Amino acid sequence: MSRIPVMGDDLPATMRAMLGEEFELLPWDDALGSAALARAEGLITYGHPRVDGPLLERAPHVRVVSNHGVGVDHIDVAACAARNVVVGNTPGVLDAATADMTFALLLAIARNVVVGDKFARSPQFTHYDPSNLIGREVTGSTLGIIGLGRVGRQVARRARGFDMRVLYHGRHRQLAAEQTLNVEYVPLDELLARSDFVTLNCPLTADTRNLIGAAQLKRMQPTAFLINMARGGVVDHDALVHALTAGTIAGAAVDVTEPEPLPRNHPLLTLPNVVIAPHLGSASDKTRRRMQEMTVDNLRAGLRGEPLPYQVRPAK
Ligand code: DGY
């Protein structure tokens, strides 16, 4: 039996085991320059390689793009649809893990977890000083969630455990969620002005690119924190660096940046009032396992010409 050629040589052993012997895994690295692309029948995007029209032009046999993750901003879904290439993703399974990480970063920046860790390991920690590293109380504070989708709603649920007042902003009001989660819809400017913590939990789209720039950061309180769990492109990084150095806001915790990773000499990496994680939102054992299974299921269905269990539709 000949093996089906699929781009995706960077996959973990668990996922290779799920794929079994049926597939020949071709290298992504030299994708544009190699003959591999011309042979591939499916693409697995593991770690956000860009898939666009020019790439698809060189991949005439590709029938499916199976994305490991829910966000597909690195895939030109319209260009895929124009070539009858179906796109799959992994919605739903990562909401809890990503909401957990939203709170991990929120607590880390509010309560000096990272600077505290460095200090506790250093020779400067000679005695317990109650005046040192006083953080911001999270319990009872106001949280503003931008993007009350599947992840944003899970963030709101966790916020209840911290007795937080929860505001949200998004494309649509969500009347049912307002009742069940006790969240209040407000315009973006009001959310920014009233929140002690602003979390970004929206997808990156043409509408949300640079949603948070200099003007929006100025609307936030100087004591407030920004947490970006969405995509780097939602925030204007130059404006963020300026706001953090000028004291426009108190701090930021980001799981994502643009570019990703940032150049090693980027000023954001030097600021003490920033916590940065290397895109760990969904990186829990249970969630990643399920994401791998869904990615493989989508790939197999697409190659068989069947509807994908989790299919991304092009935006209208
Ligand atoms: C997602 O699911 O979009 C995460 O960011 C991982 O890619």
Side-chain angles (χ1 to χ4, degrees), residues 7-12 14-15 18 28 42-52 64-77 80 86-106 145-155 158 170-171 199-209 211-212 226-235 237 252-262 275-299 302 308-315:
M7 305 284 290
D9 63 330
D10 51 352
L11 308 177
T14 43
M15 208 166 161
M18 287 174 203
W28 259 112
L43 307 179
I44 299 175
T45 46
Y46 184 84
H48 297 189
R50 174 123 194 99
V51 175
D52 53 15
V64 54
V65 179
S66 184
N67 183 53
H68 177 271
V70 70
V72 289
D73 44 284
H74 52 295
I75 300 173
D76 186 337
V77 179
C80 290
V86 286
V87 179
N89 68 345
T90 64
V93 288
L94 44 74
D95 308 341
T98 310
D100 290 351
M101 190 66 186
T102 306
F103 261 90
L105 288 188
L106 186 155
I145 301 174
I146 298 181
L148 197 72
R150 284 181 297 243
V151 174
R153 288 195 292 271
Q154 292 268 354
V155 172
R158 282 152 183 71
R171 271 180 311 163
T199 67
L200 301 175
N201 297 104
C202 54
L204 175 62
T205 63
D207 290 338
T208 62
R209 179 163 285 285
L211 182 70
I212 304 297
L226 180 72
I227 291 93
N228 187 3
M229 293 300 299
R231 285 290 185 263
V234 177
V235 177
H237 284 35
V254 301
D255 189 46
V256 284
T257 58
E258 188 169 290
E260 193 169 277
L262 289 172
V275 169
I276 305 198
H279 203 138
L280 295 180
S282 58
S284 78
D285 47 3
K286 187 174 148 200
T287 294
R288 282 289 157 88
R289 172 92 196 171
R290 191 66 194 108
M291 288 166 71
Q292 291 177 12
E293 288 166 354
M294 291 164 80
T295 308
V296 171
D297 289 349
N298 280 333
L299 178 81
L308 307 194
Y310 310 95
Q311 188 161 334
V312 180
R313 309 280 167 194

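Computed from a predicted structure; not experimentally measured. Indexing begins at 1, ligand by ligand and atom by atom, following the structure's order.
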> Going by the order shown, which atoms of ligand 1 are within less than 4.0 Å of some heavy atom of Leu94?
Replying inline: 2 (O)

> In Å and rounded to the nearest 0.5 Å, what is the CZ to CE distance from Arg289 to Met18?
Replying inline: 3.5 Å

>> Can you list everything that forms a ring-ring contact (aromatic ring centres under 6.0 Å, His included) with Phe103? Sequence neighbours excluded, please.
In response: Phe162

> Does Met291, backbone or side chain, put an N or O under 3.5 Å from an N or O of ligand 1?
Replying inline: no

> What salt bridge (charged side-chain N to carboxylate O under 4.0 Å, His left out) pairs are there with at least one residue in residues 65-75, not counting sequence neighbours?
Replying inline: Asp73-Arg231

>> Among all protein heavy atoms in this structure, tell me which lies nearest to atom 7 (O) of ligand 1, with the distance rounded to 0.1 Å.
In response: His48 NE2, 2.8 Å

> Quick one: CZ on Arg50 to CG on Asp76, what's the gap to the nearest 0.5 Å?
Replying inline: 6.0 Å

>> Test of understanding: given a 4.0 Å heavy-atom threshold, classify the contact between Glu260 and ligand 1 as side chain, backbone, both, or neither.
In response: neither

> How are the rings of Tyr46 and His68 set to each other: parallel, tilted or perpendicular (split at 30° and 60°)?
Replying inline: tilted

>> Out of all atoms in ligand 1, which are within 4.0 Å of some heavy atom of Gly69? Include the element for each.
In response: 1 (C), 2 (O)

> Okay, side chain of Arg158, backbone of Gln154: is any donor-acceptor separation there less than 3.5 Å?
Replying inline: yes

> Considering only heavy atoms of Gly71, which atoms of ligand 1 have at least one such atom less than 4.0 Å away?
Replying inline: 1 (C), 2 (O), 3 (O)

> Does an N or O from Ser282, backbone or side chain, lie closer than 3.5 Å to an N or O of ligand 1?
Replying inline: no

> Is His279 in polar range of ligand 1, meaning some N or O pair under 3.5 Å apart?
Replying inline: yes

> To the nearest 0.1 Å, how far is atom 2 (O) of ligand 1 from its closest protein heavy atom, and which atom is that?
Replying inline: Val70 N, 2.6 Å

> For Leu105, which of Val254, Asn228, Ile276, Ile227 qualifies under side-chain contact (heavy atoms from CB on, under 4.5 Å)?
Replying inline: Ile227

